Protein chains: 2
Amino acid sequence: MAEESCHRVAPVHTHPEQVPVRTALAALADPVRLLIVRELAGSPDWTRACGSFRVPVRKAALSHHFQVLRSAGLVEQRDEGAKRLNRLRREEFEARFPGLLDLVLREDD
Amino acid sequence: MAEESCHRVAPVHTHPEQVPVRTALAALADPVRLLIVRELAGSPDWTRACGSFRVPVRKAALSHHFQVLRSAGLVEQRDEGAKRLNRLRREEFEARFPGLLDLVLREDD
DNA sequence: CCAGGTGTTCGATGAATGGCGAACACCGAG
DNA sequence: CTCGGTGTTCGCCATTCATCGAACACCTGG
């Protein structure tokens with residue numbers, strides 16, 4: 001019945017199309033998540049593991065933030081060996097919330 | 001020294017230009033405030049008093065939400081007799097956060 | 001197989017947020 | 001002036017949220 005071999009449980013994703021506006025706004029309203037999204041926007045897809053971001057929180061909190069970002073349709077994750085690589089869902093998110101991503105990326109604040 | 005006559009203290013406003021993105025996003029991420037903004041968007045300027053909105057909270061909470069909306073540069077208020085009339089700061093907010101207002105107004109969710 | 005690195009999950013905790021009623025302040029109508 | 005309506009402020013309470021350390025699971029390199 002198993003689709004693939006005996007790998008660890010894949011992360012649960014939500015497609016931007018299914019995301020309510022409030023969820024997207026709330027996800028982007030947090031300082032740490034904003035850091036992650038911006039840093040991720042400046043890196044090629046699938047080049048950043050979760051632990052590679054320069055954020056002022058520890059692993060547990062970081063893991064929680066990635067859960068929120070997945071639920072908001074902002075981040076996609078894939079397991080690569082021991083690491084979990086990330087990708088910003090630019091196109092899909094832009095299609096669902098036009099201009100929103102640009103808005104938070106073009107900020108210094 | 002008084003600018004006008006002996007009126008009650010005017011509400012404190014923040015211009016959208018001075019509003020950090022996080023503040024704007026957080027303000028719009030609340031269900032009640034979203035109701036207010038949407039209802040306000042469907043009414044002409046200065047035609048809606050605070051108490052005239054169909055929201056599921058009482059006066060005290062409502063007053064709090066308007067405080068948040070003012071701080072986020074979303075709403076402007078003016079005293080007219082005993083009532084406090086409201087206006088959605090469409091132009092200014094749009095200039096500061098292009099597309100954001102349209103995004104939350106074009107939603108059914 | 002073992003060790004080290006990566007990430008998740010599980011309570012616990014403290015802070016922030018949103019809600020309420022009550023009390024107060026202000027205005028216009030009578 | 002008194003009253004009813006409008007809105008703010010003040011405690012107080014409940015819920016949510018971000019954070020942590022510790023324990024666990026998984027993968028890779030030796």
Side-chain angles (χ1 to χ4, degrees), chain A residues 2 4-13 20 22-37 40 46-72 74-87, chain B residues 2 4-13 20 22-37 39-40 46-72 75-87:
Chain A
E4 303 198 345
S5 41
C6 49
H7 280 320
R8 93 178 100 168
V9 272
V12 178
H13 287 96
R22 272 186 293 104
T23 305
L25 297 177
L28 291 170
D30 180 271
V32 174
R33 289 193 287 266
L34 220 34
L35 279 179
I36 296 175
V37 168
L40 198 51
W46 311 120
T47 61
R48 305 295 304 270
C50 294
S52 74
F53 293 83
R54 303 184 70 264
V55 290
V57 295
R58 307 228 175 258
K59 310 191 302 178
L62 191 57
S63 183
H64 162 67
H65 285 304
F66 274 106
Q67 200 284 328
V68 174
L69 290 174
R70 286 198 311 267
S71 306
L74 275 159
V75 164
E76 188 179 5
Q77 297 186 316
R78 193 211 332 171
D79 286 344
E80 185 87 4
K83 305 196 172 180
R84 180 156 285 187
L85 300 182
N86 296 276
R87 173 182 93 85
Chain B
E4 303 197 343
S5 40
C6 48
H7 279 320
R8 90 179 103 169
V9 272
V12 179
H13 289 95
R22 272 186 293 105
T23 305
L25 297 177
L28 291 170
D30 181 272
V32 175
R33 289 193 287 266
L34 220 34
L35 278 179
I36 297 176
V37 168
E39 203 166 333
L40 199 50
W46 310 122
T47 60
R48 304 296 305 269
C50 294
S52 74
F53 293 83
R54 303 184 73 265
V55 290
V57 295
R58 309 226 172 258
K59 311 192 303 179
L62 191 56
S63 183
H64 162 68
H65 284 305
F66 273 106
Q67 200 283 328
V68 173
L69 289 174
R70 286 199 310 267
S71 304
V75 164
E76 189 178 3
Q77 297 185 316
R78 192 209 333 171
D79 286 344
E80 184 87 5
K83 307 197 171 181
R84 181 157 284 188
L85 300 182
N86 296 276
R87 172 182 94 85

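Proteins get letters first, then strands, A, B, ... in listed order; numbering begins at 1 in each. From a predicted model like this one, the values you see are computed outputs, not experimental measurements.
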Protein proximity profile, nucleotides 2-8 of chain C - base contact B, sugar-phosphate-only contact S, no contact -, cut-off 4.0 Å on heavy atoms: ----SBB

With sequence neighbours excluded, residues passing side-chain contact (heavy atoms from CB on, under 4.5 Å) with [X]:
X	value
B:A49	B:K83, B:L85
A:R87	A:D45, A:W46, A:E76, A:R89, A:E92
A:S52	A:R48

Ordered by number, residues from residues 23-33 of chain A within less than 4.0 Å of DNA chain C (heavy atoms) are none

Could you give the [atom1]-to-[atom2] distance, from [X] to [N], as a whole number of Å?
X	N	atom1	atom2	value
B:R78	D:dT6	CZ	P	18 Å
A:E80	D:dC26	CD	P	18 Å
B:H65	D:dT9	NE2	C1'	16 Å

Validation: residues 62-70 of chain B side-chain donor-acceptor distances under 3.5 Å, sequence neighbours left out:
residue: B:H65; atom: ND1; partner: B:R33; partner atom: NH1; Å: 3.1
residue: B:Q67; atom: NE2; partner: B:S71; partner atom: OG; Å: 3.2
residue: B:R70; atom: NE; partner: B:V12; partner atom: O; Å: 3.0
residue: B:R70; atom: NH1; partner: B:Q77; partner atom: OE1; Å: 2.6

If you look at every heavy atom in [X] and [Y], which pair is closest and at what distance?
X	Y	value
B:N86	B:C50	ND2-N, 3.5 Å
B:A24	B:A72	CA-CB, 4.4 Å
B:A29	A:A26	CB-N, 3.9 Å
B:R22	A:L34	CG-CD2, 3.6 Å

side-chain N/O B:R58 vs C:dG19 OP1/OP2, d < 4.0 Å: no

